Number of protein chains: 2
Amino acid sequence: MRIGEAATAANITTKTIRFYEQAGLLPPPGRTTNGYRSYNEISVNRLQFIRRAQTAGLALAQIRDILRMRDENHTPCAHVAEMLTRQLSALDQRIGELQALRATVAEFQATALEADPNKCDPNRICSLL
Amino acid sequence: MRIGEAATAANITTKTIRFYEQAGLLPPPGRTTNGYRSYNEISVNRLQFIRRAQTAGLALAQIRDILRMRDENHTPCAHVAEMLTRQLSALDQRIGELQALRATVAEFQATALEADPNKCDPNRICSLL
DNA sequence: CTTGACCTTCCACTGTAGGGGAAGGTGCAC
DNA sequence: GTGCACCTTCCCCTACAGTGGAAGGTCAAG
């Protein structure tokens with residue numbers, strides 16, 4: 001099948017497919033006699049796998065590593081499990097950071113709600129921050 | 001004072017100061033006869049304000065708006081308070097998204113911990129994803 | 001007189017995941 | 001024979017907040 005059909009099947013754009021190829025996530029596909037890229041169901045599976053992995057928040061570089069292991073006939077399971085664990089930690093850390101930031105902003109805002117705008121110190125840029 | 005001293009005082013780099021100037025957060029400074037940028041305490045205060053506003057998670061574009069209001073002699077308090085409120089909503093939404101993503105990843109990981117690596121379906125890229 | 005620490009401008013690059021659009025080739029239907 | 005949808009490569013652009021480096025000017029100390 002041609003790139004457009006593969007794109008529709010995987011629910012992405014042809015631009016994205018070419019980008020994935022150039023980024024090393026897809027092997028260079030076969031070509032028809034007129035030079036068009038030629039894909040099969042395995043290609044579409046691969047594209048759908050990439051989508052699922054992205055759903056898990058994995059970066060393309062990580063997904064590329066998984067696919068590369070798979071292509072070299074290693075079973076990537078252990079690697080994937082470890083990656084998911086690291087992903088969980090990273091998420092927990094990021095969520096923690098954002099919650100800390102939220103607390104800071106909430107504090108600023110509490111000050112803001114109490115402040116009288118008419119009492120702003122003209123020598124400061126903003127008494128709220 | 002010259003740019004290096006201002007940078008040290010505000011705990012940033014000279015590169016960053018020039019970048020802020022070019023981004024419209026700092027007015028073009030005075031110059032000494034030899035062309036060096038010349039700053040004073042007000043400049044340093046402004047730089048420190050930018051830092052504080054960044055601590056509150058505001059983007060440079062938002063900070064620039066606050067500074068611009070201030071420069072036009074409007075009191076930016078109300079604007080800032082509203083911005084902080086919006087910032088809180090944005091943070092809450094982002095935290096929610098990350099928590100949803102965390103749940104997804106945790107689910108994938110639970111599957112991973114249960115799975116027997118020897119039972120991987122060789123026709124799939126990875127049975128965990 | 002030269003060394004070193006400053007400063008200037010300008011241009012390019014970082015990472016992420018693609019998107020926009022030009023210029024041209026291919027194949028089918030009408 | 002021409003219009004249309006599809007394909008090709010190529011290069012540039014997006015947001016964000018800077019960072020790196022080159023080429024050159026300035027100034028005080030030794």
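Quantities reported herein were computed from a predicted structural model and do not represent experimental measurements. When reading the values below, keep in mind they use all heavy atoms of this one structure, side chains included, and skip hydrogens, waters and symmetry mates.
The residue Gln22(A) sits apart from the nucleic acid: no heavy atom pair falls under 4.0 Å. Residue contacts shown for Arg64(A) are absent, as no nucleic acid heavy atom lies under 4.0 Å away. Residue contacts for Ala59(B): at a heavy-atom cut-off of 4.0 Å it reaches the sugar-phosphate backbone alone, with no base atom in range.
For the residue pair Thr14(A) and Ala7(A), the shortest heavy atom distance occurs at N-CB, 3.8 Å. When every heavy atom of Val44(A) is checked against every heavy atom of Met1(A), the shortest pair comes out as CG2-CE, 3.8 Å.
Looking at residues two or more places apart in sequence or on another chain, you find a side chain to side chain donor-acceptor pair (under 3.5 Å) between Ser43(A) and Asn40(A).
Between its two ends, the helix from dC1(C)-dG30(D) to dC30(C)-dG1(D) turns its axis by 40°, counting five pairs per end and rounding to 10 degrees.
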Compile the donor-acceptor pairs under 3.5 Å between side chains in residues 53-68 of chain B and protein atoms, sequence neighbours left out, one pair per line.
residue, atom, partner, partner atom, Å
Gln54(B), OE1, Arg51(B), NH2, 3.2
Thr55(B), OG1, Arg51(B), O, 2.9
Gln62(B), OE1, Ala59(B), N, 3.0

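Annotation for Glu97(B): atom CD counts as buried by contact number, over 12 foreign heavy atoms lying within 6.0 Å. Counting non-hydrogen atoms of other residues, nucleotides and ligands closer than 6.0 Å to CG of Asn11(A) gives a total of 12 or fewer.
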Atom pairs under 3.5 Å, N or O on each side, protein against nucleotides 19-23 of chain D: can you list them with distances?
residue, atom, partner, partner atom, Å
dT19(D), OP2, Thr13(B), OG1, 3.2
dT19(D), OP2, Thr16(B), OG1, 2.8
dG20(D), N7, Lys15(B), NZ, 3.2
dG20(D), O6, Lys15(B), NZ, 3.1
dG21(D), O6, Lys15(B), NZ, 2.4

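Interface residues of residues 25-47 of chain A facing DNA chain D, ordered by number: Arg31(A), Gly35(A), Tyr36(A), Arg37(A); criterion, heavy-atom separation under 4.0 Å. Of the residues in residues 2-10 of chain B, not one comes within less than 4.0 Å of DNA chain D through any heavy atom.
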